[in-house]
Amino acid sequence: MKIERIVLHHLRMPLRAPFETSFGRSETRDCILLALYSEGLVGYGECVADAAPGYSPETVGTAWHILRDFLAPAILGQEIEGPRAWPARAAAVRGHPMAKAGVELALWDLQGKREGRSLRELLGGTRARVEVGVSVGIQPSPEALVDTVAGYLAQGYGRIKIKIKPGRDVAETQAVRRAFPSIRLQVDANSAYTLENARALLPLDDLDLLLIEQPLADDDLWDHHRLQAQLHTALCLDESIHTRRHARQALEMGACRIINIKPGRVGGLTEAVAIHDLCYAQGVPVWCGGMLETGVGRAANLALASLPGFTLPGDISASDRYYAQDITIERFTLEADSTIATPSGPGLGVTIDEAALARFTQAKLAL
Ligand code: OSB
Ligand code: MG
């Protein structure tokens, strides 16, 4: 396919409720929507870099620069066989996985539209519906957290993840476990602890959690190995895993027993599927993480999570958990069994709501 034109949109969308993690609190969510034009079709991709470098070093600003000055010139006006050929071409740029993943996703959407096949089919997904959970931000008190969790359980979410940070961890998790003794529960620290102060987390080991996500630094596989050796509960890595090589080494080292796969963090769906395949072959459970995606990124995550190794529920909540107004016409809704249907239309299977897109666009660049 020949890529004739690329348009970048910097979006800022109001969240329905503020989202607080160990690295900060947001009331809005920024991202870049990419549109790649080829032979009468448009493919869309979402670059999940946030406004601030809290979760990862990338931001909307760095991704805009890398897309405009390096990644777009590597593909604009040129032929490319398809999305699987993109990682090799993008390899001249070191790092910046979220910027790269945005382009790759638009290429997957184009390929699906050309062939009349859904992204799920292209990736080899096997399920028409995927199990999902909800990621609950840090709340003002343990009581407020229990109330918030009760609300999501009432909506039908069958798995709850709560965000923790030092001083806002054990009492909160115990309160939720006491209120709901049998729910599927997990916690996410977003790298807020050191091996020394992670001792405070040892009481979590008695709460029958599915996993403890990324307690220690993003660049620290070894201390995750040391912490895992002190716990019965499985550690799950998010921020530490950027490539299939990291995944292999983390598993060999015993730094985790579960991996959270996010296409943006690993540079795109090709690498995401490779990490899935590696884990699936070893019987290691994976699940699809989330970055508060719009309907575009959400459609992709649903397709990815339909692969057979995604045996734990994903952070892929219904559209209305995040946004009163999304940029896709399609909205993803929760079924009674805590699943969401994977889109079945060609490519991502979503249509852009042009009025909503215009409303949320802060800046636009046509290349
Ligand atoms: O660590 O999984 C994370 C959101 C933004 C950045 C990092 C993370 C998250 C979430 C929310 O936990 C997942 C979602 O519902 O999209
Ligand atoms: Mg996480």
Side-chain angles (χ1 to χ4, degrees), residues 13 15-31 46-60 63 97-98 101 130-139 145 148-149 152 155 157-165 169 185-193 209-218 224 234-242 250 256 258-266 272 286-302 304-305 310 312-323 326 332 334 338 340:
M13 294 169 59
L15 290 168
R16 282 193 60 182
F19 189 67
E20 184 173 341
T21 64
S22 62
F23 57 81
R25 179 183 164 90
S26 343
E27 294 181 6
T28 54
R29 190 251 181 183
D30 288 36
C31 69
E46 177 169 346
C47 166
V48 298
D50 197 358
Y55 167 79
S56 99
E58 286 184 275
T59 66
V60 166
M98 293 174 177
V130 304
E131 263 198 292
V132 304
V134 63
S135 174
V136 182
I138 295 170
Q139 303 291 310
L145 174 61
T148 303
V149 168
Y152 286 124
Q155 288 174 37
Y157 288 103
R159 189 229 65 189
I160 300 291
K161 160 169 143 182
I162 63 181
K163 293 291 196 179
I164 59 169
K165 66 177 181 181
D169 40 33
L185 183 63
Q186 62 194 55
V187 297
D188 186 1
N190 288 111
S191 318
Y193 296 81
L209 303 180
L210 287 175
L211 57 91
I212 298 173
E213 185 176 344
Q214 195 73 41
L216 310 179
D218 61 323
H224 277 105
L235 290 185
C236 168
L237 292 177
D238 173 355
E239 284 91 326
S240 292
I241 306 296
H242 293 278
C256 66
I258 297 175
I259 290 177
N260 162 330
I261 301 182
K262 293 179 181 172
R265 195 194 67 227
V266 305
V286 301
W287 55 286
C288 183
M291 293 293 293
L292 312 175
E293 283 86 351
T294 72
V296 171
R298 195 161 305 283
N301 287 351
L302 287 163
L304 177 66
F310 285 81
L312 289 167
D315 275 350
I316 317 174
S317 309
S319 308
D320 68 1
R321 178 257 179 274
Y322 308 91
Y323 303 108
D326 207 331
F332 297 104
L334 188 70
S338 194
I340 296 183

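Whatever order the structure lists ligands and atoms in, that order sets their numbers, starting from 1. Please read these numbers as outputs of a predicted model, since none were measured by experiment.
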Review point. So, does Glu213 sit close enough to ligand 1 that a heavy atom of it is under 4.0 Å from the ligand?
Key: yes
Exercise for review: Please verify whether a non-hydrogen atom of Glu239 lies at under 4.0 Å from ligand 1.
Suggested key: no
**Study point:** Minimum-distance pair of heavy atoms, taken over all atoms of Arg321 and Val136
**Key:** NH2-CA, 4.4 Å
Point to revise | For the student: nearest non-hydrogen atoms of Val60 and Ala51, plus distance | key: CG2-N, 4.3 Å
For [atom], what is the nearest protein heavy atom, given as residue, atom name and distance?
| atom | answer |
| --- | --- |
| atom 14 (C) of ligand 1 | Tyr322 OH, 3.4 Å |
| atom 16 (O) of ligand 1 | Leu292 N, 2.8 Å |
| atom 13 (C) of ligand 1 | Gly290 O, 3.4 Å |
| atom 5 (C) of ligand 1 | Met291 SD, 4.0 Å |

State the atoms of ligand 1, each with its element, that fall below the 4.0 Å cut-off from a heavy-atom position in [X].
| X | value |
| --- | --- |
| Asp238 | 1 (O), 2 (O), 3 (C) |
| Lys262 | 1 (O), 2 (O), 3 (C), 7 (C), 8 (C) |
| Lys163 | 1 (O), 2 (O), 3 (C), 8 (C), 9 (C), 10 (C), 12 (O) |
| Asn190 | 1 (O), 3 (C) |
| Lys161 | 2 (O), 3 (C), 12 (O) |

Review point. Picking from Thr21, Asp188, Asp169, what satisfies side chain to side chain donor-acceptor pair (under 3.5 Å) with Lys163?
Key: Asp188
With a 3.5 Å distance limit and no angle check, can you tell me whether [X] reaches the backbone of [Y] through a side-chain donor-acceptor pair?
| X | Y | result |
| --- | --- | --- |
| Arg29 | Met291 | yes |
| Arg265 | Ser240 | no |
| Gln139 | Gly137 | yes |

Exercise for review: Under 4.0 Å, heavy atoms only, figure out whether ligand 1 is touched by the backbone of Ile316, its side chain, both or neither.
Suggested key: neither
Study note, to complete from the structure: Going by the 4.0 angstrom heavy-atom rule, the piece of Arg321 near ligand 1 is neither
Check your understanding: To the nearest 0.5 Å, how far apart are SG in Cys288 and CG in Asn301?
Key -> 3.5 Å
Study note, to complete from the structure: Rounded to the nearest 0.5 angstrom, the CZ-CG distance for Arg159 and Leu185 is 9.5 Å
Point to revise | Any N/O pair Ser317/ligand 1 closer than 3.5 Å | key: no
Review point. Under 2.8 Å from the Mg ion (ligand 2), which protein N/O/S atoms are there?
Key: Asp188 OD2, Glu213 OE2, Asp238 OD2
